Structure formats: structure tokens, C-alpha cells
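Read through the structure below, which is laid out as C-alpha cells, and then see the notes.
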Amino acid sequence: MAKRIDVSGLNAYYGSFLAIEDISMTVEPRSVTAFIGPSGCGKSTFLRTLNRMHEVTPGGRVEGKVMLDEENLYGAGIDPVAVRREVGMVFQRPNPFPTMSVYDNVAAGLRLNGKHKKSELDDVVEKSLKGANLWNEVKDRLNKPGSGLSGGQQQRLCIARAIAVEPNVLLMDEPCSALDPISTLAIEDLIGELKEQFTIVIVTHNMQQAARVSDRTAFFNLAAVGQPGKLIELDDTERIFSNPSVQATEDYISGRFG
Ligand SMILES: Nc1ncnc2c1ncn2[C@@H]1O[C@H](COP(=O)(O)OP(=O)(O)OP(=O)(O)O)[C@@H](O)[C@H]1O
Ligand SMILES: [Mg+2]
């Protein structure tokens, strides 16, 4: 079930360094929001605060609120491991578990959650691989290592692994940056299908990609190196790319800096 993300007054630190400052935004369920902005402005950092991964980094600290529907992910008594199950993540480099088969990669999260019945796992593995548009390419090699797939296939395998545990939110940090154009389009199509079910946030440096896949676009920027990144503007993607409200957004999307 897709949930609404509602962030308010969020700061994230590495030790004493304030990396992102006072971020507030809402991401609607069953929509795709793209994060854009120059390198170092805190897109990945902010993304990782949305599933409590930021605090895994030594010195990583978060202030503020992230509501997932009615629940504050930073509230007392919240289990970060449960949060990470609910808010799935796909990384820039495809990272299938190298020693595991295609099947076991997809089933790994389910097994962690205590599901072991073969018939049940078979069903979810097939459904997830179909959901990730990978089934036809791997159905005859489910027991071969996941690391033997092409880069684009590995990335779809990672998406299958992420959706197998039925998260409510899917975070993607430059999921296509290591892929060829055809695999990239396959992933973009897939994102369009997945948003029927999930709330999706994608970080991308590719403006065309942001324009193609997202409903809303958030532009982040920093005043200078060493300054914290801030959310400059969040609006409908069409508007951000045609008629943004802030000059810095206009400059960035038209390639004048960044
Ligand atoms: N593990 C870390 N320890 C200390 N500082 C970090 C760490 N990771 C990131 N930072 C700093 O936090 C700031 C934001 O980094 P972040 O990786 O979130 O930027 P980004 O927008 O994702 O950049 P890119 O587009 O290059 O991926 C940068 O100044 C970066 O140097
Ligand atoms: Mg990044």
C-alpha cells in the first residue's frame, strides 16, 4: 500500500557538518518525485533520511520529522529495521548478493521476514520478477548467480528484490547511471508501472529522465561548498521544466551551472 511522505524541518548532519537544512516536503502516494540538483547538495543524504539509513553512517544524525501516513519514522519506539523494510531502496550500482542465485536474491528479504514455505516463495519470486520486467529473461536461469546477469538485468533484479517484501515506498538513488540507454528506458518504463502501487522517489542527474518519469520535481541547491543543501523548489515536473518560480532552478535546468 503506497503511503504519503510528509517531511518537516529536517536537518541531517555528518558529525558537526550540517549537510542538509530545514527540508520540508510532501510526496503523494502513487506518484513519482524526482530529486535534482548539483553534486554535493545533499540529494542522497536526504533520500537516506527517508528510510533511516543516514544514521548508519558514523556521525550521521537527523533532526526533524518524517511522517509516513500517520507515523513519524523518527518517533520514539520506532524500529529502524522495520522502517527499512517498509521503505525500500535501490542504489546507483546494481548490488545483487554476489554469491546468491537469482531466485535467492529475490527471496532473501522474505526469508529474513520468516517466510520459508517453498510454494509461497516461488509465487512471490515469480510475481516480483514479473513486476520488475525481468521474468522472461531469467525464468530459465533462476538458480544461476545473480551476479551473472547484465548490468541492466542486475538493476531490475535489485528492484525485484526491493518490491518482493512489498514496501510502501521505493527510493532510488540514480538507478540508471550505470546503465546503457536501452536498460535505462526499461527501468523508466518500469518506474511508470510501479507508481500504480508505490510511492516513488528517484534521484537523477538526467534532466530528460526527471521530465519523463516524474510527476513532481524537487530542486536542491547549496549556496557554496561547505554550506548546507536546501530544497529550493518543489512543483509539478511540467512546471519546473517550463516555468520554474525560482531563478536558480531555471539556471540549473537550462545548464547555466551545476
Ligand atoms: N559519509 C559522509 N561523511 C561526511 N560527509 C559526507 C558523507 N557523505 C556525504 N557527505 C557530504 O554531505 C554533502 C551531501 O552529500 P550527498 O552525497 O548527499 O550529495 P548528492 O547531492 O547526493 O551528490 P551527488 O549528486 O554527487 O551524488 C556533501 O558535502 C558530502 O561531501
Ligand atoms: Mg548522490
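The basis for the numbers below is simple: all heavy atoms, side chains too, and nothing from hydrogens, waters or symmetry mates. Note that ligands are numbered from 1 as they come in the structure, with each ligand's atoms numbered from 1 the same way. A quick note: this is a predicted structure, and the numbers were derived from the prediction, not measured.
Under a 4.0 angstrom heavy-atom cut-off, Gln92 registers as lying outside contact with ligand 1.
Heavy atoms only, all atoms of each residue included: Lys3 and Thr199 are closest at O-OG1, 2.5 Å. The shortest heavy-atom contact between Ala210 and Ala34 is CB-CB, 3.9 Å. Nearest heavy atoms, Glu21 versus Pro228: OE1-CG, 3.3 Å.
Linking ILVMFWY residues whenever their side-chain heavy atoms come closer than 4.5 Å, directly or via other members, leaves Leu170 and Met1 in distinct clusters. Note on Val246: it clusters hydrophobically with Met207, by side-chain heavy-atom contacts below 4.5 Å among ILVMFWY residues.
The option from Tyr14, Phe17, Phe220, Phe35 that lies nearest to atom 10 (N) of ligand 1, judged by heavy atoms, is Tyr14. Distances from atom 15 (O) of ligand 1 to the heavy atoms of Thr57, Leu18, Thr45 show the closest one on Thr45.
Judged purely by distance below 3.5 Å, without hydrogens or angles, the side chains of Gln92 and Asp173 never pair a donor atom with an acceptor atom. Counting only N and O atoms by type, the side chains of Asp122 and Ser119 include no donor and acceptor under 3.5 Å apart. Looking only at atom types and distance, the side chain of Tyr74 has no donor-acceptor partner in the side chain of Thr49 under 3.5 Å away.
Less than 4.0 angstrom separates some heavy atom of Gly42 from each of these atoms of ligand 1: 14 (C), 16 (P), 18 (O), 19 (O), 20 (P), 21 (O). Listed by number with element, the atoms of ligand 1 under 4.0 angstrom from any heavy atom of Ala19 are 12 (O). Counting the atoms of ligand 1 from 1 in the order shown, those under 4.0 Å from a heavy atom of His205 are 24 (P), 25 (O).
In Cys41, the parts holding a heavy atom less than 4.0 Å from any atom of ligand 1 are both the side chain and the backbone.
For atom 26 (O) of ligand 1, the closest non-hydrogen atom on the protein side is Ser39 OG, 2.5 Å. The nearest protein atom to atom 17 (O) of ligand 1, hydrogens excluded, is given as Ser44 CB, 3.9 Å; this is a heavy-atom distance. Nearest to atom 27 (O) of ligand 1 among the protein's heavy atoms is Glu174 OE2, 3.6 Å. What sits closest to atom 23 (O) of ligand 1 on the protein, heavy atoms only, is Gly40 N, 2.9 Å.
Protein heavy atoms all stay at least 4.0 Å away from atom 30 (C) of ligand 1.
Under 2.8 Å from the Mg ion (ligand 2) lies no N/O/S atom of Gln92, from backbone or side chain alike.
Cation-pi geometry between Arg161 and Phe97 is satisfied (NZ or CZ under 6.0 Å from the ring centre, within 45° of the ring normal).
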